2 protein chains.
Amino acid sequence: MKPVVVLDKIMETADRLFYEQGFNLTGINQIIEEAGISKPSLYNHFKSKNDLLLAYLDRQYAIWFAGLDTFSESYDTPLEKIMALFDFRISRQIAREYKGCAWNKIVNEVPRHEVQVFENVAKFKNDMRMRIVDLVVRLNRPKNKLLTDEELVQVIYAELESGVMVAHLTKSHTALENAKNIIRKLV
Amino acid sequence: MKPVVVLDKIMETADRLFYEQGFNLTGINQIIEEAGISKPSLYNHFKSKNDLLLAYLDRQYAIWFAGLDTFSESYDTPLEKIMALFDFRISRQIAREYKGCAWNKIVNEVPRHEVQVFENVAKFKNDMRMRIVDLVVRLNRPKNKLLTDEELVQVIYAELESGVMVAHLTKSHTALENAKNIIRKLV
DNA sequence: GTCTATAGAAGGATAGAC
DNA sequence: GTCTATCCTTCTATAGAC
């Protein structure tokens, strides 16, 4: 069995279990069992469970933005792409059975002294916010609007975050759908 | 030592540790050690660690709304009371060193099959939302506003939730402050 | 690089004395 | 109702063979 295959098995299993069960409730033993490998094999690739967590976050980052790009490429205008942000998160919450935001799960589960984890999550959230900033600028809104560009960005960001959180709690994406209408009015 | 004192010690210790470290990372052993009691004493009051969690959530609920009522009573108008919702959360995040929302922490840490935990968190979030609904109705807004009452409620709710999450991630309440100006414009 | 086997600590929970 | 002492399980991580 080639190393790369073992690594893939680890990552895919960790990906699934960390999201579905949470990081702290997922033991090394369960990961190696479901990945079909042995314990020293795992520790050959990662020096600790925390090291695996950081790799998991990096992988999440790549998968998430790649998924967003694929999802958005069929939409043309900035407004359509903003709406696609909501539809993308709706589609993912449906696919992952409304288990919430993977980043929020981690950051709410890990103590503050895990600096690298916090930085990793902050980077994701910030980069997502930058996508919104870029789209709002490209809207080319007139200056006499009720909200400034910066304020509109904050509302979009808040509706996305809160929308996913509510979806997790209620197993429904109604709030995310309603948010789209609100944003349309505020643009 | 009277039972009620023991119970108080347990609750206060669990309150602090569950919030600061998280539920899964806080062991029974640490709770009894810091509370200064013995293990069977704890299991005399709670039949399991999960039972203690439910008591913790009930206590949080009472403390939170009591704190909000005290905080808001000096404000008169509905708009001031809406602003007080943001200021209350800002003051709490400062006091608790930006460790985020206690309810979100729990709901992101516990598996879905813990139905009682989810219902408890959903009840808190819903009751908080009802406070917003009540305040927005009392604003008596004209019908020709850009957003309907329901939409304004959703934006206020989203800004609060997202604001606390961002505060947790960045150790800053800037987003919550900015949200107040946005809401003032939308009212 | 992968395995079997195991170490050493910490987890939740309980028996039985007082 | 509270205690000391202990149970069994699970945890992360490693030693040493192949």
Side-chain angles (χ1 to χ4, degrees), chain A residues 1-57 59 105-106 108-117, chain B residues 1-57 59 105-106 108-117:
Chain A
M1 186 178 292
K2 287 188 175 183
V4 62
V5 176
V6 169
L7 188 57
D8 284 348
K9 283 186 175 181
I10 296 173
M11 292 311 296
E12 281 167 20
T13 309
D15 200 342
R16 179 170 51 83
L17 293 177
F18 285 172
Y19 181 69
E20 291 183 357
Q21 303 184 343
F23 176 71
N24 289 321
L25 289 179
T26 300
I28 293 289
N29 295 313
Q30 187 181 9
I31 294 175
I32 61 158
E33 185 182 343
E34 301 200 10
I37 61 159
S38 74
K39 202 172 287 192
S41 256
L42 189 152
Y43 281 96
N44 182 44
H45 290 280
F46 305 97
K47 72 173 195 290
S48 69
K49 190 189 174 189
N50 240 283
D51 204 40
L52 175 57
L53 173 58
L54 294 176
Y56 160 78
L57 293 177
R59 191 167 182 270
K105 290 174 86 76
I106 291 295
N108 276 299
E109 197 172 6
V110 162
R112 188 56 132 296
H113 58 79
E114 301 285 351
V115 182
Q116 290 190 76
V117 173
Chain B
M1 187 179 291
K2 287 188 173 180
V4 62
V5 176
V6 169
L7 187 57
D8 284 348
K9 283 185 177 181
I10 295 172
M11 292 311 296
E12 283 167 19
T13 308
D15 200 342
R16 179 171 51 83
L17 294 178
F18 286 172
Y19 181 69
E20 292 183 357
Q21 303 185 343
F23 176 72
N24 289 321
L25 289 180
T26 300
I28 292 289
N29 295 312
Q30 187 181 10
I31 294 175
I32 62 159
E33 185 181 343
E34 300 200 11
I37 60 160
S38 75
K39 203 172 285 192
S41 256
L42 189 151
Y43 281 96
N44 182 43
H45 291 280
F46 304 96
K47 72 172 194 290
S48 69
K49 191 190 174 189
N50 241 281
D51 204 40
L52 175 58
L53 172 59
L54 293 176
Y56 160 78
L57 292 177
R59 192 167 181 271
K105 290 173 86 75
I106 291 296
N108 276 297
E109 198 172 6
V110 162
R112 187 58 131 292
H113 57 79
E114 301 284 350
V115 182
Q116 291 191 73
V117 173

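Every value quoted in this text rests on a predicted model; they were computed, and no experiment measured them.
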Over 12 foreign heavy atoms within 6.0 Å of CD, B:E33: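 Counting other residues, nucleotides and ligands, CD of B:E33 stays at 12 neighbours or fewer.
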
Tell me the interatomic distance from [X], atom [atom1], to [N], atom [atom2], rounded to whole angstroms.
X	N	atom1	atom2	value
A:L42	C:dT2	CG	P	11 Å
B:Q21	C:dA10	CD	P	14 Å
A:K9	C:dT2	NZ	P	11 Å
A:Q30	C:dG11	CD	P	20 Å
A:I32	D:dT12	CD1	P	10 Å
A:N24	C:dA10	CG	P	16 Å
A:L7	C:dG1	CG	C1'	13 Å
B:F46	C:dG12	CZ	C1'	16 Å

Side-chain N,O ([X]) to OP1/OP2 ([N]) below 4.0 Å:
X	N	result
A:H45	C:dG1	no
A:S41	C:dC3	yes
A:N29	D:dT10	no
B:N44	D:dG1	no

Starting from the 5' end of DNA chain D, give me the residue, A:K47 or A:L25, whose nearest nucleotide shows up first.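 Counting from the 5' end, the first nearest nucleotide belongs to A:L25.
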
Return the 5'-most residue of the pair A:P40, A:I28 with respect to DNA chain D, ranking by each residue's nearest nucleotide.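 Counting from the 5' end, the first nearest nucleotide belongs to A:I28.
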
What nucleotide among D:dT12, C:dT14, D:dT2 has an atom nearest to a side-chain atom of B:S38?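 Shortest atom-to-atom distance from the side chain points to D:dT2.
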
Nearest heavy-atom neighbours spanning A:S41 and A:H45: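 Closest heavy-atom pair between A:S41 and A:H45: O-CD2, 3.2 Å.
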
Are a donor atom and an acceptor atom from the side chains of B:E34 and B:T13 found within less than 3.5 Å of each other?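 Short answer, no.
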
How many angstroms lie between atom CG of B:L25 and atom CG of B:L17, to the nearest 0.5 angstrom?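 B:L25 CG to B:L17 CG: 11.0 Å, rounded to 0.5 Å.
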
Tell me whether B:K105 forms a cation-pi arrangement with B:Y19, defined as NZ or CZ under 6.0 Å from the six-membered ring centre and within 45 degrees of its axis.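 So B:K105 does make the cation-pi contact.
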
